[in-house]
Amino acid sequence: MKQQQPIAVLGGGSFGTAIANLLAGNGHPVRHWMRDAEQAETMRSVRENPRYLKGVKIHANVEPVTDLAATLADCQLIFVALPSSALRAVLQPQAQALVGKLLVSTTKGVEPGTFKLMSQILEEIAPQARIGVLSGPNLAREVADQALTASVVASEDEALCRQVQAVLHGRTFRVYASADRFGVELGGALKNVYAIIAGMAAALGMGENTKSMLITRALAEMTRFAVKLGANPMTFLGLAGVGDLIVTCSSPKSRNYQVGFALGEGLSLEDAIGRLGEVAEGVNTLKVLKARSEELQVYMPLVTGLHAILFEGRTLTQVIELLMRAEPKTDVDFISPSGF
Ligand SMILES: NC(=O)c1ccc[n+]([C@@H]2O[C@H](COP(=O)([O-])OP(=O)(O)OC[C@H]3O[C@@H](n4cnc5c(N)ncnc54)[C@H](O)[C@@H]3O)[C@@H](O)[C@H]2O)c1
Ligand SMILES: O=P(O)(O)OC[C@H](O)CO
């Protein structure tokens, strides 16, 4: 009988582990690549990732590995679950091995300096690869615990979308397809910033009206920015836009929300990140988004306010005062700019 080709998952953190397990549970052999040999050995022997996904049993079809070149050589379909800060550095030296491969980024971040999204970096490193993204309301812990979940695979390459749907679809995980790779990926990166704000609001005991205002105005702000970049605003009404924004802004399981909550409790940014000990992409995204929104002259008061608190020494009270007293605006202005 012909042996099934393995699927690669790059990144030994919580999301890499959750995706590897999902694929394995669907009957696929998985090469789960991580840089840390000790972690791989632990995962091989105890069948758990105690540092990033404690209590979740690693499926027998998952093989934790540390040889990146061999992993890329053996696999055609490759899921990338590396932090945005590591993706280029890890994959650039492997450019030759990526020719003709199907690369699916699950990383939700933006590169400082270039403002490139992760699939755009993959495209630059490997112009002869086939590229897609997977994004949506997908907290790793819940995916791993088999909570009913939906996600979006986005690519101009329809066959890639169908293949990703086929390998991930299962009893607990539904995958929708989209041709709008840029919009889907941008939504996933931007929402992390607003989750920090939502976490702060929760720590301060703010009410339900406030939470709703924050999420809705965050969506307006994200969409305004996306439209300026030429993205389709309708994509933001889907799972990878409003769906991901809701889960990340309402769940204490979100690491970005946790950073915000710690800030709301009075911790410094450094201590909040230290206490988390995992990736919170929103902090870096905030810096690059603030700079880019100024260059493009897009009105983003929540981004400006959070940046002022984290990096310009403003107090939360000062920023709330400024936001609430700002000139009244038109609702849904990014769709009907001349509403009034
Ligand atoms: N965790 C989630 O719920 C979730 C869901 C969807 C998408 N994502 C995205 O997935 C990406 C990865 O996040 P995560 O949650 O798995 O992170 P994590 O904090 O759980 O783990 C990060 C992993 O990356 C590894 N790493 C760090 N630097 C590296 C390098 N230079 N080379 C190789 N490995 C390196 C660490 O060793 C660790 O294994 C992020 O962009 C995140 O936004 C996360
Ligand atoms: O834990 P966070 O804040 O990185 O969010 C995880 C996912 O992006 C939620 O979809």
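Each ligand, and each atom within it, is numbered from 1 in the order the structure gives. Below, each value reflects all heavy atoms present in this structure, side chains not excepted, and no hydrogens, waters or symmetry copies.
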Among protein heavy atoms, which lies nearest [atom], and at what distance?
atom	answer
atom 4 (O) of ligand 2	R255 NH2, 2.9 Å
atom 8 (O) of ligand 2	K191 NZ, 2.7 Å
atom 35 (C) of ligand 1	R35 NE, 3.4 Å
atom 32 (N) of ligand 1	V90 CG2, 3.4 Å
atom 13 (O) of ligand 1	R255 NH2, 4.1 Å
atom 24 (O) of ligand 1	P83 CD, 3.2 Å
atom 10 (O) of ligand 1	T106 O, 3.7 Å
atom 36 (C) of ligand 1	Y52 OH, 3.7 Å
atom 11 (C) of ligand 1	L82 O, 3.7 Å

>> Please tell me whether T285 and N192 have a donor and an acceptor in their side chains that are separated by less than 3.5 angstrom.
In response: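 The criterion, which ignores hydrogens and geometry beyond distance, is not satisfied for N192 and T285.
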
### Query
If we ignore angles and hydrogens, is there a donor and acceptor under 3.5 Å between the side chains of R255 and Q258?
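Per modelled atom types, R255 and Q258 side chains form no pair under 3.5 Å.
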
Quick one: which of [options] has a heavy atom closest to [atom]?
atom	options	result
atom 2 (C) of ligand 1	S254, A140, G188, A280	A140
atom 6 (C) of ligand 2	L276, L139, T106, V259	L139
atom 12 (C) of ligand 1	S251, G13, S14, A81	A81

Atoms of ligand 2, numbered as shown, that sit under 4.0 Å from any heavy atom of [X]:
X	result
D244	9 (C), 10 (O)
G136	10 (O)
K108	7 (C), 8 (O), 9 (C), 10 (O)
T248	3 (O), 5 (O), 9 (C)
N256	2 (P), 3 (O), 4 (O)
P137	10 (O)

Hey, does [X] come in under 3.5 Å of ligand 1, counting only N/O atoms on both sides?
X	result
V279	yes
T107	no
W33	no

Are side-chain heavy atoms of [X] and [Y] found at a separation under 4.5 Å?
X	Y	answer
P233	M222	no
V110	L117	yes
R141	V56	yes
L168	F79	yes
L53	S14	yes
K287	P112	no
F173	N26	no

Using a 4.0 Å cutoff against the non-hydrogen atoms of [X], which atoms of ligand 1 qualify?
X	answer
N138	3 (O), 5 (C), 6 (C)
A86	28 (N), 29 (C), 30 (C), 31 (N)
K108	6 (C), 7 (C), 41 (O), 43 (O)
G12	39 (O)

Relative to ligand 1, is [X] under 4.0 angstrom through side chain, backbone, both or neither, heavy atoms considered?
X	result
E281	side chain
R51	neither
F15	both
E278	both

message = Surrounding CD of E295 (heavy atoms of other residues, nucleotides or ligands, distance under 6.0 Å), is the total greater than 12?
response =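 Yes, the 6.0 Å shell around CD holds more than 12 heavy atoms from other groups.
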
* To do: Give a yes or no on this: more than 12 heavy atoms of other residues, nucleotides or ligands lie within 6.0 Å of atom CD of E158.
  =>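 No, the 6.0 Å shell around CD holds no more than 12 heavy atoms from other groups.
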
Ligand 2 and V279, any nitrogen or oxygen pair closer than 3.5 angstrom?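 In this structure, V279 places no N or O atom under 3.5 Å from an N or O of ligand 2.
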
- Message: Whether R88 and E124 form a salt bridge (side-chain N of Lys/Arg under 4.0 Å from carboxylate O of Asp/Glu) is what I want to check.
- Response: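 Counted as a salt bridge, because a side-chain N and a carboxylate O are separated by less than 4.0 Å.
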
| request: Run the salt-bridge test on E208 and K211 with the 4.0 Å N-O cut-off and return the result as yes or no. | output: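 Salt bridge between E208 and K211, a charged N being under 4.0 Å from a carboxylate O: yes.
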
Practice prompt. Assess G11 for proximity to ligand 1: is some non-hydrogen atom of it under 4.0 Å away?
Written response: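 Outside the 4.0 Å threshold, so no.
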
Task: Contact check, L139 vs ligand 1, heavy-atom distance below 4.0 Å - done: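 The answer is yes: ligand 1 sits under 4.0 Å from a heavy atom of L139.
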
Task: Donor-acceptor contact below 3.5 Å, side chain Q76 vs main chain Q5 - done: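 Side chain of Q76 to backbone of Q5: no pair is present.
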
Would you find a donor on one side and an acceptor on the other, under 3.5 Å apart, between the side chain of T223 and the backbone of L219?
->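 Side chain of T223 to backbone of L219: a pair is present.
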
*asked:* Distance check, rounded to the nearest 0.5 Å: I215 atom CD1 versus Y194 atom OH?
replied: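 I215 atom CD1 to Y194 atom OH measures 13.0 Å (nearest 0.5 Å).
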
Does the ring of Y299 carry K329 above it, NZ/CZ under 6.0 angstrom from centre and within 45° of its axis?
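Pair K329/Y299 counts as cation-pi.
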
Exercise. Under 30°, 30 to 60°, or over 60°: which ring-plane class applies to F261 and Y257, parallel, tilted or perpendicular?
Worked result: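 Parallel: the ring planes of F261 and Y257 meet at under 30°.
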
